[in-house]
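In what follows, every heavy atom counts, from backbone to side chain, and hydrogens, waters and symmetry copies are set aside. Atoms within each ligand, like the ligands themselves, are counted from 1 in listed order.
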Amino acid sequence: MSILIKGATLPDGTTSDVLVHDGTVAELGAISTKADRTIDADGLRLLPGLVDLHTHLREPGREDAETVLTGSRAAAVGGYTAVLAMANTHPVTDTAEAAERVLDLGRTAGLVDVQPVGAVTKGLAGEELAELGLMARSRAKVRVFSDDGKCVHDPRVMRRALEYVKAFGGVISQHSQDPSLAGPTACCHEGELSGRLGLPGWPGVAEEVIVARDVMLARHTGSRVHVAHVSTAGSVEVVRWAKSQGIDVTAEVTPHHLLLTTDLLTGYDPTYKVNPPLRPDEDVRALREALADGTIDAVATDHAPHARHDKEHAFVDAAFGMLGLETALPVVTTVMVESGLLDWAGVARVMSANPARIAGLDAEHGRPIAVGEPANLTLVDPTTKVVVDRAASVSLSRNNPWHDRKLTGRVVATLLRGTPTVLEGELA
Ligand SMILES: [Zn+2]
């Protein structure tokens, strides 16, 4: 099948027609060749397909919240062509067989490349390393390992994991949070507001001490660590210092930590309960600057669907997490592009090229838009404003913190290896 994208603006600001044929970018420039389908891209931005380093697809185990198929739909609608599926499913993705099962579910859904993340420790228990080597050598070719949801707390276990994955170019993605500084009922950012609301919180330093420890372990082992969902100005400072020392560290920030602040908790709405928690304004500002200056490498959604009966509770008892795949691009457009902090080349870098490289998917994803490259592409309307409606989501869950907000930017089309998964903003 051939598709002609007419008059698209590329990330570098130049305008070009793009002919997609047999899954690759076949031609650029002014093209008069007839194609099976023509997409008018006048005024639209063409980006390399987005890559999400941090998605919770909930299958196996919680198919009432999301499945690989429904999560893949949300990803495609959000402009993604690849997502990394976190390991905290039931059972946990801690064996080669479990990783291959997730890979196969993704292929069956066929809307986005679903790349399994392997657990660092068996059952996410934090004690015994999982089958890291077997997962890496499996058909799933696992490269990113994470106990996400939980922190790899024992420094001896973290050290061994870093040493182990170094051999095959793997990376440990850490949910940085010292559990002994975050009590068992902690549910929000610890500060003046949590005191006033009577909610048990945990402080930013619970994240920062683990980030600091891990970059030192990465230096010691000569291995690579990735900091998942950085949420505080202090963590940003540590990552900035570590990079200045040549330590092999990368970091991601979520869309919600770029825009939403802890003040939203005054209504006790569990939609805003998330881990790491929403932080004060000064942290949000530091995260935006760090994403703009390259200290933070990537935007990652931490898409965390939850069934209604897990979220509709008193704030302290509700599950942590919020949806993110369908709204990430509009949030980044609103927060980073409209403010002038990032241009579209920057968006392509933090939402596609960098995450693809961090995940080891950069042979297929996050590629420059050039002849011969795989046609994993996202077409974006950069100026349309849309009011988010949680009922319009293709995710199985409805824990959408963006409901009723007006955001700029809309994904018009997504192509996975030249095949449209989304056209005119809807599943193709
Ligand atoms: Zn996490």
Trainee: Take atom NZ in K243; do more than 12 heavy atoms of anything else shown fall under 6.0 Å from it?
Mentor: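 Atom NZ in K243 is crowded, with more than 12 foreign heavy atoms closer than 6.0 Å.
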Trainee: Using a cut-off of 2.8 Å, count how many protein N, O or S atoms are strictly closer to the Zn ion (ligand 1).
Mentor: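 Counting protein N, O and S atoms closer than 2.8 Å to the Zn ion (ligand 1) gives 3.
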Trainee: For the CD atom on E426, are there more than 12 heavy atoms of other groups (residues, nucleotides or ligands in this structure) within a distance under 6.0 Å?
Mentor: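 No, CD of E426 has 12 or fewer neighbouring heavy atoms, counting only those of other groups under 6.0 Å.
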Trainee: Side-chain donor-acceptor pair under 3.5 Å between H56 and N88, yes or no?
Mentor: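 Indeed, the side chains of H56 and N88 share at least one donor-acceptor pair under 3.5 Å.
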Trainee: Taking atom types as modelled, find out whether T333 and E338 have a side-chain donor-acceptor pair closer than 3.5 angstrom.
Mentor: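 No, no side-chain donor-acceptor contact under 3.5 Å.
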Trainee: Step by step, would you call H229 with H54 a ring pair (Phe, Tyr, Trp, His ring centres under 6.0 Å)?
Mentor: CA-CA 9 Å; H229 41 50; H54 197 141; 5.1 Å; yes
Trainee: Would you indicate whether R160, at its atom CZ, is surrounded by more than 12 heavy atoms from other residues, nucleotides or ligands within a distance under 6.0 Å?
Mentor: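 Check fails, neighbour count at 12 or below.
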